[in-house]
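What follows is a set of notes on a single structure, which appears directly below.
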Amino acid sequence: MYPLDEAKKEIVSLLNKILSKLDYDCKIKLEIPPESLGDFAFPCFSLAPIAKKSPNDISNEIAKKIEKGKWVEKIIANGPYVNFFINTEKLKNLTIKSILSNQNNYGNLKNKNKKALIEHTSANPNGPLHIGRARNPIIGDTIVRIFKAAGYDVESQFYLDDMGKQVAILAWGVNNLDPKDVPKSKYDKPDHKTVGYYQLASKLMDEDEKVSKEIGELVKRSEEGEKKAIDLVHKSYNPVLEGIKESLIRINISVDKYVPESNFVKDKSVDYVVEKLKKSKYCGKEKGAYYLDMKHFGIQGRNTNFFFIRKDGTTLYATRDIAYHLWKAKHADLLVNILGEDHKLESKQVEIALNLVKAKLIPKVIFYSFVSLPDGKMSTRRARVVYLDELIDECVKRAYDEVKKRRGKELTEKKMNDVAEVIGIGALRYNIIKVQPEKDIEFRWEEALNFEGNASPFIQYSHARACSILSKKQDEIKDFSTTFLNHNSEIDLIKKLARFPIVIDEACEGCKPHSIANYLFDVASQFNQFYRDCPVLPEKNIKTRIGRLALVDATRIVLQNGLDLLGIVAPEEM
RNA sequence: GGGCCUGUAGCCUAGCCUGGAUAGGGCGAUAGUCUCCUAAGCUAUAGAUCGGGGGUUCAAAUCCCCCCAGGUCCGCCA
């Protein structure tokens, strides 16, 4: 257990003891008071009706009668609050020791012995990722990292839609179009080189009934599980998928498993789903097609019928998705999906169906809103998009300009390029993850490329600063003492570092990746204040100097571990 | 027509689930700050009817209802 957890646990137990002695029965919820009023606070409002006294009297009573403990040093009633001050010496000492001894593992919670299966990205492999879709892998990968740190055994999966219309359009295009008619792409990557076929084929499909019919037939053949058709589609989208993977790797994302939708047709598990659903009392039939009437489950709208089988007997995307979820449930203790908000209804329908077929697990879903361009929605089909690759390149280019401006005389060209890559990618991931997923974002270049203030380079810079100090030190950090760290900037910084494990726990519990970003910004900010107030290397008193070096090292570790949770590299210099 | 999500200073955003102590930050603006460990930093000032209106409560940005604006969905598409 981490030091701050111990302290918190002690306070709760002391409060429990006194509350039961006074015969006040209530749940204990501790708050964090505004600065300098204490480390934890217990509000007494809810006790007022029980005790039949004013909250102020109650807090006074508790403060007077409560015992102190190993951690709790001072207890003061402040209006309706009981404020607890924990032993700062103990917290300073144990926190720094914990960080320095745990190193890369500091912050990680104890193993939960549970497997979490996290599905993210799952984009149609019909073209390169664009920045709207890019929110998905970045949120997903960050969630993967947070769950790992929180003690889960994690597997990430990309559900590969290899049966739908989108990939069929692509396959038709690749196999029927003359390459001369397809516009050249800006990027020499397989996904960019292939997307033109999709765009042109989409256009022809709208204009030419014959094309539309041929594509329709291809869809039907693969949905019936015809191997030749599935292989043809597979061969067409595979280069696109390779291109997508390449982009993902560049932003430090790799997915453990790619699961093709066709698996569930091939192994007949989707037939099992169909049989089960047909037996449901909510099942209806219309012109040979089957549906579930969702109005019994609180679904409202013009049409509440959820079709799971067409009149020609083939299954639909959502039907196969149910089979996929049943399969996932067999292999995990917890399911998490990252989906765009346009999938909300489908996801709800799948959830209801999963309950009807008595699935063991129902996924927890994180929905994110869309990234739009100032002049409207993105669309691969209409080629009105900003591709992820373009954004990456812009970010790296911009980062390079900044590095050159600041360090051009000191660093080699190679070094500057490496640093620029790390900073550019970091800025991109941070910018997307710092906002809670449900807010819609309008993409503007100026904002995406802003490297100041609450942005990744600020945090990376703080880390580099810490590394720079450590690289110049003459002393060993062994046998440090934290008793010399008494400046407010030092104490506040240590208290912030002590919170890291709690921040991870809360980010995992609430599926709130953005809270990690906000926390890191706080740590970096606090470190910069320490840097201003407390010179490390020039400090003459050797014990103070070594204590500060230990604090710098501890900060470096927290920043590095935290950035790693966001999939951002912590550079040693920049 | 209905469902779900969002609305916090000129711009972006945290806090909302689990109501509590002066609503935190950042950008931009203005004014300072490098003979001193990287100034991508630090300090100060200005800037908020928490979309609007009701309600519940000792207490509402937070919970409930209505309204307004934006997003998204309501396919035998995915």
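Note that this is a predicted model, so its numbers are computed, not measured.
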Is it possible for you to check whether A/Arg465 lies under 6.0 Å from the centre of the six-membered ring of A/Tyr531, through NZ or CZ, and within 45° of that ring's axis? yes
* Asked: For A/Glu346, which contact category applies under a 4.0 Å heavy-atom criterion: base, sugar-phosphate, or nothing?
  -> base
Taking any heavy-atom pair under 4.0 Å as a contact, classify A/Ala455: base, sugar-phosphate, or nothing.
nothing
Taken to the nearest whole Å, CD/A/Glu351 to P/B/rG3 is 19 Å
What is the nucleic acid contact for A/Tyr531, judged by heavy atoms within less than 4.0 Å: base, sugar-phosphate only, or nothing?
base
Per side chain to side chain contact (heavy atoms under 4.5 Å, CB included), A/Asp161 is matched among A/Asn124, A/Asp321, A/Asn126 by A/Asn124
* Asked: Looking for any heavy atom pair under 4.0 Å, which part of the strands does A/Lys377 touch: base, sugar-phosphate only, or nothing?
  -> sugar-phosphate
Relative to its sugar, using the 90° cut-off around 0, the base of B/rC5 is anti
Checklist entry - How would you label the contact of A/Lys344 with the nucleic acid (heavy atoms, under 4.0 Å): base, sugar-phosphate, or nothing? => result sugar-phosphate
- Query: Does the ring of A/Phe367 carry A/Lys344 above it, NZ/CZ under 6.0 angstrom from centre and within 45° of its axis?
  - Reply: yes
Exercise. Using a cut-off of 4.0 Å on non-hydrogen atoms, how would the nucleic acid contact of A/Gln529 be classed: base, sugar-phosphate, or nothing?
Worked result: sugar-phosphate
**OP:** Could you check whether A/Pro55 gets within reach of a base, just the sugar-phosphate, or nothing at all, counting any heavy atom under 4.0 Å?
**Re:** nothing
Ranking B/rU38, B/rU43, B/rC77 by distance to the side chain of A/Lys472, first place goes to B/rU38
Donor-acceptor pairs under 3.5 angstrom involving side-chain atoms of residues 506-520 of chain A: please list them, not counting sequence neighbours.
residue, atom, partner, partner atom, Å
A/Ser515, OG, A/Lys512, O, 2.7
A/Asn518, ND2, A/His514, O, 3.3
A/Tyr519, OH, A/Lys496, O, 2.7

Note to self: Please confirm whether the shortest side-chain N or O distance from A/Arg532 to OP1 or OP2 of B/rU43 is below 4.0 Å.
What the structure shows: yes
Taking the six-membered ring of A/Phe84 as reference, does the NZ or CZ atom of A/Lys74 fall below 6.0 Å from its centre and within a 45° cone about the axis? no
Would you say the side chain of A/Asn83 and the base of B/rA21 hold a donor-acceptor pair, judged only by whether the two atoms sit under 3.5 Å apart?
yes
If pairing means Watson-Crick or G-U wobble with both distances under 3.5 Å, then the partner of B/rU62 is none
Considering only heavy side-chain atoms of A/Pro34, the closest of B/rA21, B/rG71, B/rG75 is B/rA21
Quiz item: What nucleic acid atoms does A/Gly301 come within less than 4.0 Å of, heavy atoms only: base, sugar-phosphate, or nothing?
Solution: base
The residue, A/Pro535 or A/Leu37, whose nearest nucleotide of RNA chain B is more 5′ is A/Leu37
To the nearest angstrom, the CZ-C1' distance between A/Phe458 and B/rA39 comes to 12 Å
Using the ring centroid of each side chain, check whether A/Tyr290 and A/Phe307 are separated by less than 6.0 Å. no
Whole-Å distance, A/Lys53 NZ to B/rC58 P, equals 20 Å
* Quick one: is B/rA40 close enough that its OP1 or OP2 comes under 4.0 Å of any side-chain N or O from A/Tyr461? -> yes
note: A/Met205, atom CE; B/rC77, atom C1'; distance rounded to Å ~ 10 Å
Separation of B/rG28 atom P from A/Glu447 atom CD, nearest Å, is 12 Å
B/rG1 -> Watson-Crick or G-U wobble partner, both distances under 3.5 Å, gives B/rC74
Using a heavy-atom cut-off of 4.0 Å across all strands, would you classify A/Arg465 as base, sugar-phosphate, or nothing? sugar-phosphate
Margin query: Is the phosphate of B/rU72 approached by A/Tyr368 (side-chain N or O, under 4.0 Å from OP1 or OP2)?
Written below: no
- Message: Tell me if the side-chain of A/Arg302 makes a donor-acceptor pair with the base of B/rG2, cut-off 3.5 Å, by modelled atom types.
- Response: no
**OP:** Taking only the side-chain nitrogens and oxygens of A/Asn454, find out if one of them lies under 4.0 Å from OP1 or OP2 of B/rC12.
**Re:** no
Problem set entry | Stepwise side chain to side chain contact (heavy atoms under 4.5 Å, CB included) check, A/Ser369 with A/Arg135 | CA-CA 9 Å; A/Ser369 296; A/Arg135 210 171 175 180; 4.2 Å; yes
Using atom names, set out every protein N or O paired with an N or O of nucleotides 6-8 of chain B below 3.5 Å, distance rounded to 0.1 Å.
residue, atom, partner, partner atom, Å
B/rG7, OP1, A/Lys439, NZ, 3.1

For A/Gln166 and A/Tyr198, run side-chain hydrogen bond (donor to acceptor under 3.5 Å, both in side chains): C-alpha distance rounded to whole Å, both residues' side-chain angles, the deciding distance at 0.1 Å, then the answer. CA-CA 8 Å; A/Gln166 308 307 317; A/Tyr198 169 77; 2.6 Å; yes
Please determine whether side-chain hydrogen bond (donor to acceptor under 3.5 Å, both in side chains) holds for the pair A/Asn263 and A/Tyr324, giving the CA-CA distance in whole Å, both sets of side-chain angles, and the decisive distance to 0.1 Å.
CA-CA 9 Å; A/Asn263 279 11; A/Tyr324 172 45; over 6 Å; no
Here the distance between atom C1' of B/rC77 and atom CD of A/Gln166, to the nearest Å, is 8 Å
N/O (side chain, A/His463) to phosphate O (OP1/OP2, B/rU38) under 4.0 Å
no
In Watson-Crick or G-U wobble terms, with both distances under 3.5 Å, the base opposite B/rU38 is none
Classify A/Lys311 by what it touches in the nucleic acid, base, sugar-phosphate, or nothing, heavy-atom distance under 4.0 Å. base
**Asked** What's the verdict on side-chain hydrogen bond (donor to acceptor under 3.5 Å, both in side chains) for A/Trp172 and A/Glu214, showing C-alpha distance, side-chain angles and the deciding distance?
**Response** CA-CA 8 Å; A/Trp172 186 91; A/Glu214 281 176 35; 2.8 Å; yes
A/Glu446 atom CD is separated from B/rG26 atom C1', nearest whole Å, by 16 Å
| query | Under 4.0 angstrom, heavy atoms only, what part of the nucleic acid is A/Lys434 near: base, sugar-phosphate, or nothing? | reply | nothing
(message) Base, sugar-phosphate or nothing for A/Cys467? Non-hydrogen atoms, less than 4.0 Å.
(response) nothing
Using side-chain heavy atoms (C-beta onward) and a distance below 4.5 Å, is A/Leu345 in contact with A/Ile299?
yes
With the side chain defined as heavy atoms from C-beta on, A/Ser468 is closest, among B/rC74, B/rC37, B/rA78, to B/rC37
To the nearest angstrom, the CG-P distance between A/Asn518 and B/rC16 comes to 12 Å
request  = Taking only the side-chain nitrogens and oxygens of A/Arg310, find out if one of them lies under 4.0 Å from OP1 or OP2 of B/rA78.
outcome  = yes
Hey, does A/Ile423 reach any base, or is it just sugar-phosphate, or nothing, if we go heavy atoms under 4.0 Å? base
Re B/rU30: Watson-Crick or G-U wobble partner, both distances kept under 3.5 Å, found to be B/rA44
What's A/Val552 touching, base or sugar-phosphate or nothing? Going by heavy atoms closer than 4.0 Å.
nothing
